[in-house]
Amino acid sequence: MIAYIDGKLAVKDPTYVIVDVNGIGYQIKISLSTYSSLPEGERCKLHTYLHIKEDAHTLYGFTTAAEKDTFLHLISISGVGPNTGLMILSSLSVDEVQQAIVREDVRTIQHVKGIGAKTAQRIILELKDKIKKETMLAGSSAVPVSAHNTVRAEALSALVTLGFAKNVAEKTLDAIIKREDRSLSVEELIKFALKSS
């Protein structure tokens with residue numbers, strides 16, 4: 001119903017904002033990633049989703065269309081309401097959510113407060129194909145699944161061949177990728193992994 005709201009940022013709180021549009025203040029619930037990307041007291045544009053219940057009409061806002069799309073995917077899952085969807089997007093970036101779903105990484109999703117094993121599995125089961133299809137259509141822009149993941153996959157395969165347990169190797173590689181804030185070659189990844197084992 002309301003696709004976006006463009007106006008002056010009147011109030012900025014980690015959980016909501018109030019955007020003034022021609023003298024009308026719209027209170028919009030937001031994720032932490034949206035909060036951190038909003039400029040203080042300036043004009044802003046938020047992609048919005050209006051959630052209607054019997055006792056409330058609540059606006060949810062996102063700085064990017066990708067975050068809104070991910071939110072809509074999440075709340076389409078039985079047992080995941082808008083507040084839980086927002087909690088997931090406050091704990092993980094859009095890329096992290098998409099990669100966790102594509103990789104079937106239940107633990108990452110389960111680390112979010114309020115998400116149990118069954119809900120995490122349901123999210124992956126129901127969204128995996130959708131997310132894969134969308135990331136293929138969008139090319140490598142939506143999720144850096146392409147280069148980053150082939151390097152990771154090659155390193156993982158090499159480590160398993162060297163005798164590492166697959167789950168241990170995956171954890172080690174993910175920790176290295178998170179720690180090294182740059183793109184690494186397959187060789188560098190393997191070297192780091194061997195050093196950290």
Side-chain angles (χ1 to χ4, degrees), residues 1-102 105 108-115 119-120 123-124 126-127 130-131 133-135 137-146 148 177-183:
M1 187 176 151
I2 301 172
Y4 67 85
I5 289 183
D6 190 341
K8 186 179 185 296
L9 190 57
V11 175
K12 181 183 171 188
D13 180 88
T15 56
Y16 73 93
V17 290
I18 295 176
V19 179
D20 182 321
V21 183
N22 298 325
I24 298 171
Y26 291 92
Q27 184 166 337
I28 306 167
K29 287 189 163 195
I30 56 167
S31 68
L32 281 175
S33 55
T34 291
Y35 171 77
S36 58
S37 64
L38 283 172
E40 202 78 49
E42 289 180 30
R43 189 184 174 96
C44 72
K45 178 180 175 180
L46 289 174
H47 300 272
T48 55
Y49 166 74
L50 178 62
H51 182 67
I52 299 174
K53 288 193 309 193
E54 278 180 32
D55 58 344
H57 289 204
T58 311
L59 269 173
Y60 293 85
F62 313 92
T63 44
T64 65
E67 189 181 16
K68 179 182 174 181
D69 291 344
T70 304
F71 173 80
L72 292 174
H73 282 322
L74 290 168
I75 64 170
S76 72
I77 306 300
S78 161
V80 180
N83 290 333
T84 306
L86 222 51
M87 179 69 77
I88 293 170
L89 290 169
S90 291
S91 306
L92 304 166
S93 70
V94 170
D95 284 353
E96 287 169 333
V97 171
Q98 290 180 340
Q99 285 182 17
I101 291 168
V102 170
D105 183 356
T108 298
I109 296 171
Q110 218 181 316
H111 280 305
V112 177
K113 188 177 179 287
I115 300 284
T119 306
I123 289 170
I124 289 169
E126 293 186 33
L127 294 181
K130 269 185 198 168
I131 302 285
K133 202 178 284 178
E134 283 177 15
T135 53
L137 290 173
S140 60
S141 60
V143 180
V145 166
S146 54
H148 162 77
I177 290 165
K178 214 170 202 174
R179 186 184 71 217
E180 300 294 319
D181 203 22
R182 61 193 175 94
S183 51

Table please: side-chain donor-acceptor pairs of residues 73-87 below 3.5 Å, with sequence neighbours left out.
from: His73; atom 1: NE2; to: Glu134; atom 2: OE1; distance (Å): 3.2
from: His73; atom 1: NE2; to: Glu134; atom 2: OE2; distance (Å): 2.7
from: Ser76; atom 1: OG; to: His73; atom 2: O; distance (Å): 2.5
from: Asn83; atom 1: OD1; to: Lys29; atom 2: NZ; distance (Å): 3.2
from: Asn83; atom 1: OD1; to: Tyr60; atom 2: OH; distance (Å): 3.2

Using 0.5 Å steps for rounding, measure from the [atom1] atom of [X] to the [atom2] atom of [Y].
| X | Y | atom1 | atom2 | answer |
| --- | --- | --- | --- | --- |
| Leu92 | Gln98 | CG | CD | 11.5 Å |
| Ser91 | Lys113 | OG | NZ | 9.5 Å |
| Ile88 | Ile123 | CD1 | CD1 | 4.0 Å |
| Ile5 | Cys44 | CD1 | SG | 9.0 Å |
| Phe71 | His51 | CZ | NE2 | 8.0 Å |
| His57 | Leu50 | NE2 | CG | 7.0 Å |

Minimal non-hydrogen separation, [X] against [Y], with atom names:
| X | Y | answer |
| --- | --- | --- |
| Ala10 | Asp20 | CB-CB, 4.4 Å |
| Val21 | Gly7 | CG2-CA, 4.2 Å |
| Lys12 | Tyr35 | CE-O, 3.1 Å |
| Ala100 | Ile109 | CB-CG1, 3.9 Å |

May I ask you to test the [X]-[Y] pair for a side-chain heavy-atom distance under 4.5 Å?
| X | Y | result |
| --- | --- | --- |
| Val97 | Ile131 | no |
| Val94 | Leu89 | yes |
| Glu42 | Leu9 | no |

Under the side-chain hydrogen bond (donor to acceptor under 3.5 Å, both in side chains) test, residues paired with [X] that sit two or more places apart:
| X | answer |
| --- | --- |
| Thr15 | Asp13 |
| Asn22 | none |
| Thr108 | Asp105 |

task = Name all residues meeting the ring-ring contact (aromatic ring centres under 6.0 Å, His included) criterion together with Tyr26; count only those two or more places apart in sequence or in a different chain, and write none if there are none.
result =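 Partners of Tyr26 under the ring-ring contact (aromatic ring centres under 6.0 Å, His included) test: none.
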Validation: residues 63-70 side-chain donor-acceptor distances under 3.5 Å, sequence neighbours left out:
from: Thr63; atom 1: OG1; to: Ser37; atom 2: OG; distance (Å): 3.1
from: Thr64; atom 1: OG1; to: Glu67; atom 2: N; distance (Å): 3.1
from: Glu67; atom 1: OE1; to: Thr34; atom 2: OG1; distance (Å): 2.7
from: Glu67; atom 1: OE2; to: Ser31; atom 2: OG; distance (Å): 2.5
from: Glu67; atom 1: OE2; to: Ser33; atom 2: OG; distance (Å): 3.0
from: Lys68; atom 1: NZ; to: Thr48; atom 2: O; distance (Å): 2.7
from: Thr70; atom 1: OG1; to: Ala66; atom 2: O; distance (Å): 2.9

ask   = Under the criterion side-chain contact (heavy atoms from CB on, under 4.5 Å), which of Ile2, Thr58, Leu59 is the partner of Ile28?
value = Leu59
